[in-house]
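To keep things clear, I will list the structure first and then write my remarks on it.
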Amino acid sequence: MKPVFVLNGPNLNLLGEREPQHYGVATLKDIEARLQAEAAKVALKLEFRQTNHEGVLVDWIQEARHAACGLILNAGAYTHSSIAIHDALKAVQIPVIEVHLSNVFARESFRHHSYVSPVARGVICGFGPQSYVLALMALSGILQENPPSSDEK
Ligand code: CA2
C-alpha cells in the first residue's frame, strides 16, 4: 500500500512557539508522532512533510497523484490565496482531506474562503492536533470502502 501524504504549508514549522490561543502548544513534530501512532493502528503508512513554499506544495501534490493512496493537506495561509494549489488538486484522483488546527470560520473573514475546500473530499477544522487524527480516520474509512485497485497500490 502506498503511504498517505500529510502536507503542511507555510509557518506550520513554528507551531508550539507562538499563538497558542489559535494553534495550541503542540509542535509539528508532536503532531507527526501522534499521527504516526494512529496510522500504525489502522495499518497505514505516512509521509509527513512541511514547506513554506507554494511551488513545493504544488510539486508534492503532483507527486501524490502517483506516490500516495490519500492526501491530508493543511495548506496554511495558501488555503485562502492559492489558485495554483487549487489547480494542482483538481488533477488528483486520490481522496484529499483538508485540515486546519483552528476553526477558521470563527476567525477573520479572509480565512472563511478556501481554494482547497471545493476540490477536497471533506474538511476538518477547529480541533487542534486532533483535526489531523480525525482526517486520518476519515481517510482510513474511505480507503476501506474503496480500496485502491491493484495498479493504483
Ligand atoms: O488553522 C490552521 O491550521 C491554519 O491552516 C493555520 C495557518 C493559517 O494561516 C490558516 O488560516 C489556518 C497558519 C499556520 C501557522 O502559523 C503560525 C504562526 C506563528 C506561530 C505558530 C503558527
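All ligand and atom numbering here is 1-based and tracks the order in the structure.
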In chain order, what residues pass the salt bridge (Lys or Arg N to Asp or Glu O under 4.0 Å) check against Arg49, with sequence neighbours excluded?
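Result, salt bridge (Lys or Arg N to Asp or Glu O under 4.0 Å) vs Arg49: Glu47, Glu63.
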
Testing the 3.5 Å rule here: is there a donor-acceptor pair between the side chains of Glu98 and Thr79?
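Glu98 vs Thr79: no donor-acceptor pair found between side chains.
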
Single-linkage hydrophobic cluster Leu89~Leu7, side-chain heavy atoms < 4.5 angstrom:
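Yes, because Leu89 and Leu7 connect within a single hydrophobic cluster, where side-chain heavy atoms sit under 4.5 Å apart.
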
Are Leu71 and Val4 side-chain neighbours, meaning at least one heavy-atom pair lies under 4.5 Å?
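When only atoms from C-beta onward are counted, Val4 and Leu71 do not touch, as no gap falls below 4.5 Å.
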
Using a cut-off of under 3.5 Å, which N/O atoms of ligand 1 pair up with protein N/O atoms, and what distance separates each pair?
from	atom 1	to	atom 2	distance (Å)
ligand 1	1 (O)	Leu101	N	3.3
ligand 1	1 (O)	Ser102	N	2.9
ligand 1	1 (O)	Ser102	OG	2.6
ligand 1	3 (O)	Asn74	ND2	2.9
ligand 1	3 (O)	Leu101	N	2.7
ligand 1	5 (O)	Asn74	OD1	2.8
ligand 1	5 (O)	His100	ND1	2.9
ligand 1	9 (O)	Ala77	N	3.4
ligand 1	9 (O)	Arg111	NH1	3.0
ligand 1	11 (O)	His80	NE2	2.7
ligand 1	11 (O)	Arg111	NH1	2.8

Atom pairs and distances, side-chain donor-acceptor, residues 10-19, under 3.5 Å, sequence neighbours left out:
from	atom 1	to	atom 2	distance (Å)
Asn13	OD1	Gln50	NE2	3.4

Applying ring-ring contact (aromatic ring centres under 6.0 Å, His included), name anything that partners His113, two or more places apart in sequence or on another chain.
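For His113, the residues satisfying ring-ring contact (aromatic ring centres under 6.0 Å, His included) (neighbours in sequence not counted) are Tyr115.
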
